[in-house]
*Asks:* 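I have a structure I would like to understand better, so I am pasting it below and will then ask my questions one at a time.
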Amino acid sequence: MKEAIHFEITHVCKQTGARTGILHTPHGDVETPMFMPVGTQATVKFLSPEEIKEIGAGVILSNTYHCWLRPGEDVIAHAGGLQKFMNYNGPMLTDSGGFQVFSLSDQRKILEEGVHFKSHLDGSPLFLSPEKSIEIQNKLGADIIMCLDECAPYPATYDYMKNSVERTLRWAKRCKEAHQRPADQALFGIVQGGEYEDLRALSAKTLAEMDFPGYSIGGTSVGESKECMYRMIDYSVKYLPWEKPRYLMGVGSVDAILEGILRNVDMFDCVLPTRIARHGTCMTSQGRVNIKKKEYEMDLSPLDPECDCYTCRNYTKSYLRHLHRANEGLGSRLLSIHNLRFLIHIAEEARKAIKEDRYGDFKDEMFKKYNLNSIDSRGF
RNA sequence: GGAGAGGUAGCGAAGUGGCUAAACGCGGCUGACUGUAACUCAGUUCCCAUCGGGUUCGGCAGUUCGAAUCUGCCCCUCUCCA
């Protein structure tokens, strides 16, 4: 049967075993490892599709739960799918609503059949089952879609996690069976299991046997230490088929991305760069810069002298500070462009280093440059 | 010159006898943010200090057990009329 996507591994770093690849999708080819901007409700907040393209983004995300509530999947289907609806002519991925099981945990109840939510918009009762999530995602039409999972909290007891993982595996099976458009949309399984190695192994092995076109690693970045996150990745990747793409969900700090790439993760997404941009924090070659600070009032230099983004080519810190303080949308937009470009550029540099068989050196240089280490969790 | 209003922390502005080192907003400083209920949230912002202490509400002098709050005088600002 024709698969929606095809993953081609193009190089394996002789120094570290890290890999580069090309993900062929119905909306174009993208190189991996890559960082994917998040556009929850069919928009990467404040950015136009042209701007998203210009920063070098390959895939962008959207979200099942949010698009379901507003504008509604039928509205998007009527427009011809997410890409046409939002005028983004590139690959897209939709999350299943599994993260909302975590983030909206105080207004939902998990049952075997699915998840009952109380709408965060108007309080109305909602029911999201694996089948419903897939049905919505079929209508949204992204190139890659996700199984409905429970992104479990951290810490969680072994018994809680075992119960959760087993249910998520049953849901994965139901998602696969419900999927109507496998030739157009690749359905990824999501490895869960928290910090427990045997549960991660159970999850990864079971999903691998089900033969998905790609695999996500979920349940990370939920409050655990970096060291714990890296173990979760190790426990998961170990049991996944080498030739399929791996996607570490919700991870977007520089150190974690670099560690993930070392562990053969191919795809990353995170709201961090866009959220902190809106809050005035910038990821730069000089470390984090808080544009609110008075010391930038008269600073006519670019945000990051090493950056090639639209913002850094055209605007001063003084102006960016003004925009942010004045609560002008252009400030959020320019800082979001920069932060996304920063992470996408890191991924580009990582790919280059892998192809030149020096990823280990590259990672060490980056950790040194940003004063990071593999154990501690502050991160960047 | 006459009539009126007012002077509170970096700024604006509450408070009008004890619960007030003084609400609130802005500004300042810290910090957080990871498959987005987040252009958000938390802390801090007179001085010194670990408890705690020391100076404040235009100035000076009073009343009172106690004053930013009441009284007198003085200084300054604004509005209107000459």
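For clarity, every value in this text was computed on a predicted model and none was experimentally measured.
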*Asks:* Rounding to the closest angstrom, what is the interatomic distance between A9(B) and G4(B) at atom C1'?
*Replies:*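 Roughly 29 Å separates the two C1' atoms.
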*Asks:* Whole-Å distance between U36(B) P and L104(A) CG?
*Replies:*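 It works out to 10 Å between those atoms.
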*Asks:* When you get a sec, tell me which of G35(B), U36(B), G28(B) is the closest nucleotide to the side chain of I190(A)?
*Replies:*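 Minimum distance to the I190(A) side chain belongs to G35(B).
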*Asks:* Looking only at atom C1', what distance separates G18(B) and A3(B), rounded to whole Å?
*Replies:*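 Those two atoms are separated by 37 Å.
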*Asks:* Could you tell me whether R341(A) and E348(A) have a side-chain N and a carboxylate O separated by less than 4.0 Å?
*Replies:*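 Looking at R341(A) and E348(A), the cut-off is met.
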*Asks:* Any side-chain N or O of R278(A) under 4.0 Å from OP1/OP2 of A38(B)?
*Replies:*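 The answer is no; no side-chain N or O of R278(A) sits under 4.0 Å from OP1 or OP2.
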*Asks:* Phosphate oxygens OP1/OP2 of A37(B): is one of them under 4.0 Å from a side-chain N or O of S103(A)?
*Replies:*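 Yes, such a contact exists.
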*Asks:* Which base, if any, makes a Watson-Crick or G-U wobble pair with U77(B), both distances under 3.5 Å?
*Replies:*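 Result: A5(B).
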*Asks:* When rounded to the nearest Å, what value does the distance between P atoms of C24(B) and G15(B) take?
*Replies:*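 Straight-line distance between the two P atoms is 15 Å.
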*Asks:* Considering Watson-Crick and G-U wobble pairs with both distances under 3.5 Å, what does A49(B) pair with?
*Replies:*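 WC or wobble partner does not exist here.
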*Asks:* Reckon H324(A) touches a base, only the sugar-phosphate, or nothing at all at heavy-atom distances under 4.0 Å?
*Replies:*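 H324(A): no heavy atom of the nucleic acid under 4.0 Å.
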*Asks:* With a 4.0 Å cut-off, would you call D234(A) and R200(A) a salt bridge?
*Replies:*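 Here D234(A) does not pair with R200(A) in a salt bridge, since their nearest N and O are not under 4.0 Å apart.
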*Asks:* Round to a whole Å and report the spacing from CG of N63(A) to C1' of A38(B).
*Replies:*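 Going from N63(A) (CG) to A38(B) (C1'), I get 15 Å.
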*Asks:* C1' atom, U36(B) versus C29(B): distance in rounded Å?
*Replies:*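 It works out to 28 Å between them.
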*Asks:* Reckon R333(A) has a side-chain N or O less than 4.0 Å from the OP1 or OP2 of C39(B)?
*Replies:*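 For R333(A), the contact criterion (side-chain N or O under 4.0 Å from OP1 or OP2 of C39(B)) is not met.
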*Asks:* Mind calculating the distance between CZ (R288(A)) and P (U30(B)) to the nearest angstrom?
*Replies:*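 In whole Å, U30(B) P and R288(A) CZ are 15 Å from each other.
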*Asks:* Please determine whether a side-chain nitrogen of the Lys or Arg among E3(A) and K244(A) lies less than 4.0 Å from a carboxylate oxygen of the Asp or Glu.
*Replies:*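 No.
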*Asks:* Given G28(B), A37(B), G35(B), which nucleotide is nearest the side-chain atoms of H120(A)?
*Replies:*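 Between G28(B), A37(B), G35(B), the one nearest the side chain of H120(A) would be A37(B).
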*Asks:* If you measure from the C1' atom in U69(B) to the same atom in G6(B), how many Å do you get, rounded?
*Replies:*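 Taking atom C1' in both U69(B) and G6(B), they lie 16 Å apart.
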*Asks:* Just N and O in the side chain of T40(A): are any of them under 4.0 Å from OP1 or OP2 of U36(B)?
*Replies:*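 Yes, T40(A) has a side-chain N/O under 4.0 Å of OP1/OP2 on U36(B).
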*Asks:* Name the orientation class of the two ring planes belonging to Y215(A) and F212(A) (parallel below 30°, tilted from 30 to 60°, perpendicular beyond 60°).
*Replies:*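 Rings of Y215(A) and F212(A): perpendicular, as their planes differ by over 60°.
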*Asks:* Looking at C39(B), U36(B), G31(B), which one has an atom nearest to any side-chain atom of T274(A)?
*Replies:*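 That would be U36(B).
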*Asks:* Tell me what G219(A) touches on the nucleic acid: a base, only sugar-phosphate, or nothing, going by heavy atoms under 4.0 Å.
*Replies:*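 Base, at least one base heavy atom under 4.0 Å.
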*Asks:* If you measure from the C1' atom in G28(B) to the same atom in U34(B), how many Å do you get, rounded?
*Replies:*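 So the two C1' atoms sit 29 Å from each other.
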*Asks:* Could you let me know what U20(B) is paired to, Watson-Crick or G-U wobble, both distances under 3.5 Å, or none if it's on its own?
*Replies:*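 Across all strands, not a single nucleotide pairs with U20(B).
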*Asks:* Across the strands shown, which category fits F102(A) at heavy-atom distances under 4.0 angstrom: base, sugar-phosphate, nothing?
*Replies:*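 Touches nothing.
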*Asks:* Can you tell me if Q100(A) touches the phosphate of G35(B), counting only side-chain N or O atoms and a distance under 4.0 Å to OP1 or OP2?
*Replies:*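 Answer no for this pair, as no side-chain N or O of Q100(A) is under 4.0 Å from OP1 or OP2.
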*Asks:* Just the rounded figure in Å: distance from P of C39(B) to NE2 of H279(A).
*Replies:*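 The answer, rounded to whole Å, is 5 Å.
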*Asks:* Please work out whether the ring planes of Y65(A) and F117(A) are parallel, tilted or perpendicular, with thresholds of 30° and 60°.
*Replies:*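 Tilted.
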*Asks:* Taking atom P of C39(B) as reference, at what distance in whole Å does atom CD1 of I291(A) sit?
*Replies:*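 The answer, rounded to whole Å, is 19 Å.
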*Asks:* Given atom NZ of K292(A) and atom C1' of A42(B), what is their separation to the nearest angstrom?
*Replies:*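 Rounding to the nearest Å, NZ of K292(A) and C1' of A42(B) are 11 Å apart.
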*Asks:* Please state how far atom CG in L272(A) lies from atom C1' in A38(B), giving the value in whole angstrom units.
*Replies:*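 It works out to 12 Å between those atoms.
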*Asks:* Answer with base, sugar-phosphate or nothing: what part of the nucleic acid does R108(A) contact at a heavy-atom distance below 4.0 Å?
*Replies:*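 Touches nothing.
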*Asks:* Among the nucleotides A37(B), C33(B), G28(B), which one has an atom lying closest to any side-chain atom of R321(A)?
*Replies:*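 Nearest to the side-chain atoms of R321(A), counting from C-beta on, is G28(B).
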*Asks:* Go through G35(B), A37(B), G28(B) for me and flag the one nearest to the K294(A) side chain.
*Replies:*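 Between G35(B), A37(B), G28(B), the one nearest the side chain of K294(A) would be G28(B).
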*Asks:* As a test of reading the structure: which of A37(B), C39(B), G35(B) is closest to the side chain of Y247(A), going by heavy atoms?
*Replies:*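 Of all the options, the side chain of Y247(A) is nearest to G35(B).
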*Asks:* For E209(A), is there an ion pair with K205(A) - N to carboxylate O distance below 4.0 angstrom?
*Replies:*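 The answer is no: the pair does not qualify as a salt bridge.
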*Asks:* Could you tell me the Watson-Crick or G-U partner of U55(B), where both distances fall under 3.5 Å? Say none if there is no partner.
*Replies:*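 By the stated definition (distances under 3.5 Å), nothing pairs with U55(B).
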*Asks:* Indicate, with a heavy-atom threshold strictly under 4.0 Å, whether N327(A) touches base, sugar-phosphate, or nothing.
*Replies:*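 The answer is base, as N327(A) lies within the cut-off (heavy atoms under 4.0 Å) of a base atom.
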*Asks:* Touch check for E297(A), heavy atoms < 4.0 angstrom, all strands: base, sugar-phosphate only, or nothing?
*Replies:*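 Nothing: the residue E297(A), judged by heavy atoms under 4.0 Å, touches no strand.
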*Asks:* Name the nucleic acid region contacted by K45(A), choosing base, sugar-phosphate or nothing; use a 4.0 angstrom heavy-atom cut-off, strictly under.
*Replies:*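 If one applies the 4.0 Å heavy-atom cut-off, K45(A) turns out to touch a base.
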*Asks:* Using the C1' atoms only, state how far U55(B) lies from C70(B), rounded to an integer number of Å.
*Replies:*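 Here C70(B) and U55(B) have their C1' atoms 23 Å from each other.
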*Asks:* Does C11(B) have a Watson-Crick or wobble partner in any strand here, with both distances under 3.5 angstrom, and which is it?
*Replies:*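 By the stated definition (distances under 3.5 Å), G25(B) pairs with C11(B).
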*Asks:* Could you please name the option among G35(B), C29(B), A37(B) that lies closest to any side-chain atom of K293(A)?
*Replies:*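 Nucleotide nearest to K293(A)'s side chain: C29(B).
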*Asks:* Report the distance from atom CG of L47(A) to atom P of U36(B), rounded to the nearest whole Å.
*Replies:*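 So the CG-P distance, L47(A) to U36(B), works out to 16 Å.
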*Asks:* Below 3.5 Å, does any donor atom in the side chain of D149(A) face an acceptor in the base of G35(B), or the other way round?
*Replies:*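 It does, because a donor-acceptor pair links the side chain of D149(A) to the base of G35(B) below 3.5 Å.
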*Asks:* For nucleotides G2(B) and G10(B), find the distance between their P atoms and express it as a whole number of Å.
*Replies:*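 Taking atom P in both G2(B) and G10(B), they lie 35 Å apart.
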*Asks:* Can you tell me the pairing partner of C33(B) across any strand shown, Watson-Crick or G-U wobble, with both distances under 3.5 angstrom?
*Replies:*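 Across all strands, not a single nucleotide pairs with C33(B).
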*Asks:* Are H66(A) and H120(A) close enough that their ring centers fall under 6.0 Å?
*Replies:*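 Yes, ring centres under 6.0 Å apart.
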*Asks:* Parallel under 30°, tilted from 30 to 60°, perpendicular over 60°: which one fits the rings of Y370(A) and F380(A)?
*Replies:*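 Parallel.
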*Asks:* Can we say E197(A) and R231(A) salt-bridge, meaning some charged N sits less than 4.0 Å from an Asp/Glu carboxylate O?
*Replies:*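 Between R231(A) and E197(A) there is no salt bridge, as every charged N stays at least 4.0 Å from the carboxylate O atoms.
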*Asks:* What is the nucleic acid contact for S216(A), judged by heavy atoms within less than 4.0 Å: base, sugar-phosphate only, or nothing?
*Replies:*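 Touches nothing.
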*Asks:* Using the closest heavy atom to pick a nucleotide of RNA chain B for each, name whichever of C270(A) or Q41(A) lands nearer the 5' end.
*Replies:*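 Counting from the 5' end, the first nearest nucleotide belongs to C270(A).
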*Asks:* Partner of U69(B) by Watson-Crick or G-U wobble geometry, both contacts under 3.5 Å, or none?
*Replies:*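 No nucleotide pairs with U69(B).
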